[in-house]
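Here is the structure we will look at, set down as structure tokens.
Proteins get letters first, then strands, A, B, ... in listed order; numbering begins at 1 in each.
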Amino acid sequence: MARSATDGRIRSVPMSSGPVVTRFAPSPTGHLHIGGARSALFCWAFAKRAELEHRARSGTPGQGGRFMIRIEDTDQARSSDESARGILEDLAWLGIEWDDGPTLEVAGADGSLRTIGAQARDVGSYFQARRVAMYNAYIEYLMSIGRAYPAFDSADELDKLRKMAVAAKQTFKYPRPADFTFGQPCTARIERAKKGEPHVVRFAMDSSAVIVRDEILGDVKIAPGEVDDFVIRKADGFPTYHFAVVIDDELMGVTHVMRAQEHLANTPRHVALQRALTRLDTKQPFRTPSFAHMPLIMNMDGSKMSKRDKAKAARKAVKDLMAKDTSVTPAALAASLQQDTQMVADFVAGENDNLDLAGLIAAKLGVTLPEIEVWDFRRNGYVPEAIINFIALLGWNPGMKLPDGKDLEKFDAAFMAEHFSVDRVGKTPAKFDRAKLQSFNGDYLNALTDQQFAAKWRAFLAEYEPEVLAKLLTRGESAFSILAAAVKPRAKTLRDGINAVRFALVADDEVAYDAKALDKLRTPDAKNAPQGGTPRTGVELLNAARERLASLGQSDWAAGTIHTLLEQLAQQLGIGIGQLAQPLRVGVTGAGVSPGIAETLAALGRSSTLSRLDRCLALVRV
RNA sequence: GGCCCCGUCGUCUAGCCUGGUCCAGGACACUACCCUUUCACGGUAGUGACAUGGGUUCGAAUCCCAUCGGGGUCACCA
């Protein structure tokens, strides 16, 4: 073991004694935040790279690097198993899979079931709520060596003290009780606690300065006395985050802690705890893992990107509506949503940020909430590959050039597993620019083959827009393929691909004709005539095209033949095919925008095309 | 407010550690043009940044200091 030859004291176990272990430790109180996804990705990539390099040296598989998931469900009131499962599913969907952690069954591409996660290292439950006995053993230990003590202050009392401190423009620090002596077990307090008096347990901070070595930020020094005696066990008997993290990271062999910068200020507490603790099993002091605090992800306006932004957006929509229409009240809204009146009223007043309610309100009012959670991006038609690539770039870049001298910025998770390193993680907070994400997503979709895209789009529609899919499929399989191919270069997301095929979703007799477009059809245009000939109207061309198309039988109705036919007709009329295409577009879609005209007509089918053209011709005569 | 972190185009960033090759490169967005049957796609070009002020140096985006600006954190949440 790690015994120094010179002083014989056991200081720390060298990291080389076991695998690199990183962890992502979400709190199961909602969906996976996009920032959490990035943290998980970086932790994953770090462990993967260590493992890859270990195997390249012919090491034992699994001994080079491991990525672990731990569920931090010590907040009894807010945690749920459902949320934990949702977070695991989001990670799996992104392709971020864990070596150790709760198990999750996922269906592979071929439909077969596969399990992610395993109890591979015998480190106990990956759910903190099931590890309470262990935390208590360490808390007893700390109390026995005079590094922790029960405290009996009520929440109200502390609140009062805090408010006084704020009023006096001072920072509140919990005053260490006079009857506690650092390093001496406070038997009187321990006795009181044993008798069942409600209490929390506080850690007695030592008075030395704490230096946090951060792989990204460098050394961060915190002066002695900056951190007060913080709570390590709540009145409900559960450990606080700070305590559970330190115990579990040690017991689970975590070597590298990578998390968002918002945790930087907590780190001195963790380091202080590590310095005070000794393992109960091996009697070895706790190790301090390597820390790396990643830059935060911000909104475009510079505020922190938070789940609450969704609640804010929904609340604003309600308030805007209430300002315009006085009949709208929280009570009326609650009734129409079939939700509790008080809850809705509180939500509108800003008393709670219920995200489910925010979603209901947004759907009701037809407003789009900002995408914050992985789940939001997923149902809005982003693909995991694009999300991974984009969030990787929020704070990290490979620092490589393409042969043409441009920066390499398109890559996949496997590339990250091979090249990720902490020293290329930036320090500056990044604003989340959805326009760039959309561009990445569109590029990814466009790079797919038509077949691949069609399959992806179909799966997306089946899951999130089944009615749209059903309508599209009524036109037949081949029509769906044609439409999917037409959508591919036009879609930034799988969802907005729907916009490109709106024309195929309306019934033939419900096509809305744009008044200006109809006017244009009625107006003679010199471009519609052969060189020097008399100007023709769009209607004339439409009639000619309609007649010619009608001559095409059902079995010949395909993009290729339609294109040839229109080309021939245009030639006979002495005009370009474009002059023919525009009136036809208006005729079948109601406006002048659609995919290629031959594809559009082919996807619509013979009977829809002809009946729409007839309806348009009838309208235009009026 | 205390403590801590950060500061290159509108945005993500390369360059910074190891000053000169940087009147600062790429990507997204934007603008123009080309391609084209509309919309897209694709192609070409353009607009656009070293926060400010002092040092150090022959020379600073790069090193030092100050100012200003942004952010995080100060719970029996994690």
Please tabulate, one pair per line, each protein N/O and nucleotide N/O from nucleotides 31-38 of chain B that are separated by under 3.5 Å, including the distance.
unit_1: B:U37; atom_1: O4'; unit_2: A:Gly578; atom_2: N; d: 3.2
unit_1: B:U37; atom_1: O2; unit_2: A:Arg585; atom_2: NH1; d: 3.0
unit_1: B:U37; atom_1: O2; unit_2: A:Arg585; atom_2: NH2; d: 2.9
unit_1: B:U38; atom_1: O4'; unit_2: A:Gln582; atom_2: OE1; d: 2.9
unit_1: B:U38; atom_1: O2'; unit_2: A:Gly592; atom_2: O; d: 3.0
unit_1: B:U38; atom_1: N1; unit_2: A:Arg585; atom_2: NH1; d: 3.4
unit_1: B:U38; atom_1: O2; unit_2: A:Arg585; atom_2: NE; d: 3.3
unit_1: B:U38; atom_1: O2; unit_2: A:Gly592; atom_2: O; d: 3.4
unit_1: B:U38; atom_1: O2; unit_2: A:Ser594; atom_2: N; d: 2.9
unit_1: B:U38; atom_1: O2; unit_2: A:Ser594; atom_2: O; d: 3.0
unit_1: B:U38; atom_1: N3; unit_2: A:Arg585; atom_2: NE; d: 3.4
unit_1: B:U38; atom_1: N3; unit_2: A:Arg585; atom_2: NH2; d: 2.9
unit_1: B:U38; atom_1: N3; unit_2: A:Ser594; atom_2: O; d: 2.4
unit_1: B:U38; atom_1: O4; unit_2: A:Arg585; atom_2: NH2; d: 3.1
unit_1: B:U38; atom_1: O4; unit_2: A:Gly596; atom_2: N; d: 3.2

(Q) For a 4.5 angstrom cut-off between non-hydrogen side-chain atoms, does A:Val210 reach A:Arg269? (A) no
Q. Considering only B:A78, B:C6, B:U11, which nucleotide approaches the side chain of A:Thr74 most closely?
A. B:A78
(Q) Quiz question: going by heavy-atom distance under 3.5 Å, is there a donor-acceptor pair between the base of B:A27 and the side chain of A:Lys436? (A) yes
Can you pull out the residues from [range] that lie within a 4.0 Å heavy-atom distance of RNA chain B?
{"range": "residues 296-308 of chain A", "result": "A:Leu296, A:Met298, A:Met300, A:Gly302, A:Lys304"}
{"range": "residues 258-274 of chain A", "result": "A:Gln261, A:Glu262, A:His263, A:Leu264, A:Ala265, A:Asn266"}
{"range": "residues 22-33 of chain A", "result": "A:Ser27"}
{"range": "residues 162-171 of chain A", "result": "A:Arg162, A:Lys169, A:Thr171"}

Short N/O separations, protein against nucleotides 42-47 of chain B, under 3.5 angstrom:
none

Q: Assign each of A:Gly399 and A:Val200 to its nearest nucleotide of RNA chain B by heavy atoms, then name whichever residue's nucleotide is nearer the 5' end.
A: A:Gly399
(Q) Using a heavy-atom cut-off of 4.0 Å across all strands, would you classify A:His242 as base, sugar-phosphate, or nothing? (A) base
Q) Looking for any heavy atom pair under 4.0 Å, which part of the strands does A:Arg202 touch: base, sugar-phosphate only, or nothing? A) sugar-phosphate
Q) Below 4.0 angstrom from OP1 or OP2 of B:C39, is there any side-chain N or O of A:Lys488? A) no
